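Beneath this line is the structure, given in structure tokens, with notes to follow.
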Amino acid sequence: MDWFTEIKGRDIILEDLREQCLHKALKEDGNEAIWWDYMKFVHQECFGFITQECSILGHEKIEVDYLSTL
């Protein structure tokens, strides 16, 4: 199976927006470095699919409230 054909452009754009919002919130709080922990988690655990649910798990991993970064 080709994992990359399963990912839709819309999913990529939504994840990019989530990443930008998270980065902005973490930077404002002086916690920008943990953004990389989120990125590592999402790109390892969500390989082949990108969903809001996986992003929520990534937020839980770095102990940041998902709704606070929307």
Side-chain angles (χ1 to χ4, degrees):
M1 173 186 289
D2 184 3
W3 293 107
F4 297 107
T5 61
E6 300 297 317
I7 299 173
K8 307 281 188 258
R10 178 182 187 277
D11 298 328
I12 293 169
I13 291 170
L14 289 173
E15 177 57 24
D16 287 348
L17 290 172
R18 287 189 292 263
E19 291 170 5
Q20 287 181 352
C21 290
L22 176 61
H23 185 267
K24 180 181 179 198
L26 292 172
K27 186 175 182 177
E28 288 171 358
D29 290 342
N31 293 319
E32 187 176 7
I34 66 171
W35 182 76
W36 291 106
D37 296 333
Y38 172 84
M39 295 298 290
K40 180 179 176 183
F41 175 86
V42 169
H43 289 274
Q44 286 179 343
E45 299 300 320
C46 307
F47 184 77
F49 66 95
I50 300 171
T51 63
Q52 180 179 8
E53 292 78 16
C54 190
S55 181
I56 291 170
L57 290 175
H59 279 72
E60 290 173 0
K61 177 75 174 172
I62 62 170
E63 299 178 356
V64 172
D65 178 41
Y66 175 79
L67 295 177
S68 73
T69 62
L70 296 180

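All values reported here derive from a predicted model rather than from experimental measurement.
Rounded to the nearest 0.5 Å, atoms OH (Tyr38) and OG (Ser55) are 3.0 Å apart. Here Leu57 contributes atom CG and Phe41 contributes atom CZ; the two are 5.0 Å apart, rounded to the nearest 0.5 Å. Distance check, rounded to the nearest 0.5 Å: CG of Leu22 to CD of Glu15 gives 9.0 Å.
Listed by first and then second residue, the side chain to side chain donor-acceptor pair (under 3.5 Å) pairs involving residues 61-70 are Gln52-Tyr66, His59-Thr69 (not counting sequence neighbours).
For Glu32, the side chain to side chain donor-acceptor pair (under 3.5 Å) partners two or more places apart in sequence, or in a different chain, are His23.
Not a single donor-acceptor pair under 3.5 Å links the side chain of Trp35 to the backbone N or O of Ala25.
Using a 4.5 Å heavy-atom threshold, the side chains of Glu28 and Lys24 count as touching. Within the 4.5 Å cutoff, no side-chain heavy atoms of Ile50 are placed close to those of Leu14.
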Should Asn31 and Val64 be marked as a side chain to side chain contact (heavy atoms under 4.5 Å, CB included) after you check the CA-CA gap, both sets of side-chain angles, and the distance that decides it? CA-CA 10 Å; Asn31 293 319; Val64 172; over 6 Å; no
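Two different hydrophobic clusters hold Val42 and Ile56 under the rule that ILVMFWY side chains link at heavy-atom gaps under 4.5 Å.
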